[in-house]
Amino acid sequence: MSKQAGTVHLVGAGPGAPDLLTLRAARLLAQADVVFYDALVHPETLALAKRAEKIAVGKRCGKHSTQQRFINKRLLDAARKYSVVVRLKGGDPMLFGRAQEEIDALHAAGVSCEVVPGITAALAASADLRTSLTRRGVSRNVTFVTPRVGEGEDASDWKKSVCNADTAVMYMAAGQAAIVAAKLIASGMAHDMPVAIVENASLPTMATIATTLGALQSAGERMTHGGPALLMIGRVFKHVKSARSAVTDRDALREVLSA
Ligand code: SAH
């Protein structure tokens, strides 16, 4: 190798709104030679990388390791060619984003790697709902959890984590909301436990469904417009109201509530 390898920066793009980005992330994007970005990154965020080659590596969740290995390899190849390589990930790169696989691959190859945190979807949704995840006297802990298990991975005990949490925020779970609710009820959670489903947190298309675990269990699976969504479970969500922004003109919420 003729020149020193570059650095790969794993950068959090935030939850969606392009102005929920750190200054450090913006500076790195402006300096980047190449940016590998995920499906959920806002075009305005990407546009900050003025001089960079931009490469989409978005995989829909649930797809697996062959693709991840391919991304790892592309990062290594890019670091050999360029000095500032940005791997831009939705929300915070270290939560449910396979960051560790990328860090480990870079480390094994002796390529330097830095991580820039971002605002994770749970915190954007909490802000949108004006609901503290740790409301005094109601919730003294929060768990971030996913029911999704990758191919070949050990089964996860997500139900126990949710049942033991004062507040639980479930990622990659809204598409199977009714099944999740049924399993939690079977594990002993109360039917009247408040649930908020928040789709497109931080974006103008944000929508909220306020419900309970019991109602969710029989609500059917089509809960959202198809945007990324969180299932948020806990007594702190008791006062949340269903809402959708004026700019969304779809009937999904009505369908859900009448289901
Ligand atoms: N690293 C990301 C999470 C990636 S996993 C983060 O820190 O936010 C992808 C899941 O995140 C989606 O299935 C959804 O559950 C959640 N998500 C991402 N963006 C979201 C948004 N704007 N609104 C609601 N949920 C979101």
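The first residue of the sequence shown is numbered 1, and numbering continues consecutively from there. Remember, it's 1-based here, ligands and their atoms both numbered in the order they're listed.
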J.: With nothing but distance in play, are any N or O atoms of Glu199 less than 3.5 Å from an N or O of ligand 1?
T.: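 It does not: no N or O of Glu199 is found under 3.5 Å from an N or O of ligand 1.
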J.: In terms of relative ring orientation, are Tyr171 and Phe144 parallel, tilted or perpendicular, with 30° and 60° separating the classes?
T.: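 Plane angle over 60°, so perpendicular.
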J.: Following the transitive rule for hydrophobic clusters with a side-chain heavy-atom cut-off under 4.5 Å over Ile, Leu, Val, Met, Phe, Trp and Tyr, establish whether Val115 and Val111 coincide in one cluster.
T.: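 Yes, it is one cluster - the side chains of Val115 and Val111 are joined through contacts under 4.5 Å.
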J.: Closest heavy-atom contact between Gly12 and Leu21?
T.: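 Closest approach of Gly12 to Leu21: O-CD1, 3.7 Å.
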J.: Quick one: which of Gln100, Glu102, Glu101 gives a side-chain hydrogen bond (donor to acceptor under 3.5 Å, both in side chains) with Arg98?
T.: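 Testing each of Gln100, Glu102, Glu101 against Arg98, the sole residue satisfying side-chain hydrogen bond (donor to acceptor under 3.5 Å, both in side chains) is Glu101.
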J.: Does either side chain, that of Thr120 or that of Asp92, offer a donor lying less than 3.5 Å from an acceptor on the other one?
T.: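 Thr120 vs Asp92: no donor-acceptor pair found between side chains.
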J.: Pairs of nitrogen or oxygen atoms closer than 3.5 Å, one from Pro93 and one from ligand 1: do any exist?
T.: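 Checking ligand 1 against Pro93, no N or O pair falls under 3.5 Å apart.
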J.: In terms of atom number and element, which parts of ligand 1 are under 4.0 angstrom from non-hydrogen atoms of Val198?
T.: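 Checking each atom against Val198, I get 24 (C).
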J.: Check whether any heavy atom of Pro15 sits under 4.0 Å from an atom of ligand 1.
T.: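 Under 4.0 Å: yes for Pro15.
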J.: Less than 3.5 Å between some nitrogen or oxygen of Ala173 and one of ligand 1, yes or no?
T.: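 Looking only at distances, the answer is no, because the N/O contact criterion of under 3.5 Å is not met.
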J.: Which of the atoms of ligand 1 are close to Asp92, meaning less than 4.0 Å from one of its heavy atoms?
T.: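 Contacts of ligand 1 toward Asp92, numbered from 1: 1 (N), 6 (C), 7 (O).
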J.: If you measure every N/O of Leu203 against every N/O of ligand 1, is any gap under 3.5 Å?
T.: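 Checking ligand 1 against Leu203, no N or O pair falls under 3.5 Å apart.
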J.: Look only at interatomic distance and state if Ser202 has a nitrogen or oxygen under 3.5 Å from any nitrogen or oxygen of ligand 1.
T.: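 N/O-N/O distance below 3.5 Å does not exist for this pair.
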J.: Looking at non-hydrogen atoms alone, which of Ala201, Ala229, Ala13 comes nearest to atom 23 (N) of ligand 1?
T.: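 Going through Ala201, Ala229, Ala13 one by one, Ala201 has the nearest heavy atom to atom 23 (N) of ligand 1.
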J.: Hey, is CZ on Arg27 packed in by over 12 heavy atoms from elsewhere, all under 6.0 Å?
T.: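 Correct, the count exceeds 12.
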J.: When you check the side-chain N and O atoms of Thr7 and Ser112, is any donor under 3.5 Å from an acceptor?
T.: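 Ser112 and Thr7 do have a side-chain donor-acceptor pair below 3.5 Å.
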J.: Look at atom 13 (O) of ligand 1 and find which of Met232, Met172, Arg148, Lys89 reaches it with the closest heavy atom.
T.: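 Among Met232, Met172, Arg148, Lys89, the closest heavy atom to atom 13 (O) of ligand 1 belongs to Met172.
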J.: Can you check whether Gly90 has an N/O within less than 3.5 Å of an N/O in ligand 1?
T.: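 So ligand 1 has an N or O lying under 3.5 Å from an N or O of Gly90.
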J.: Provide the closest heavy-atom pair for Ala229 versus Ala174 in the form atom of the first, atom of the second, distance.
T.: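 Minimum heavy-atom contact is CB-CB, 3.6 Å.
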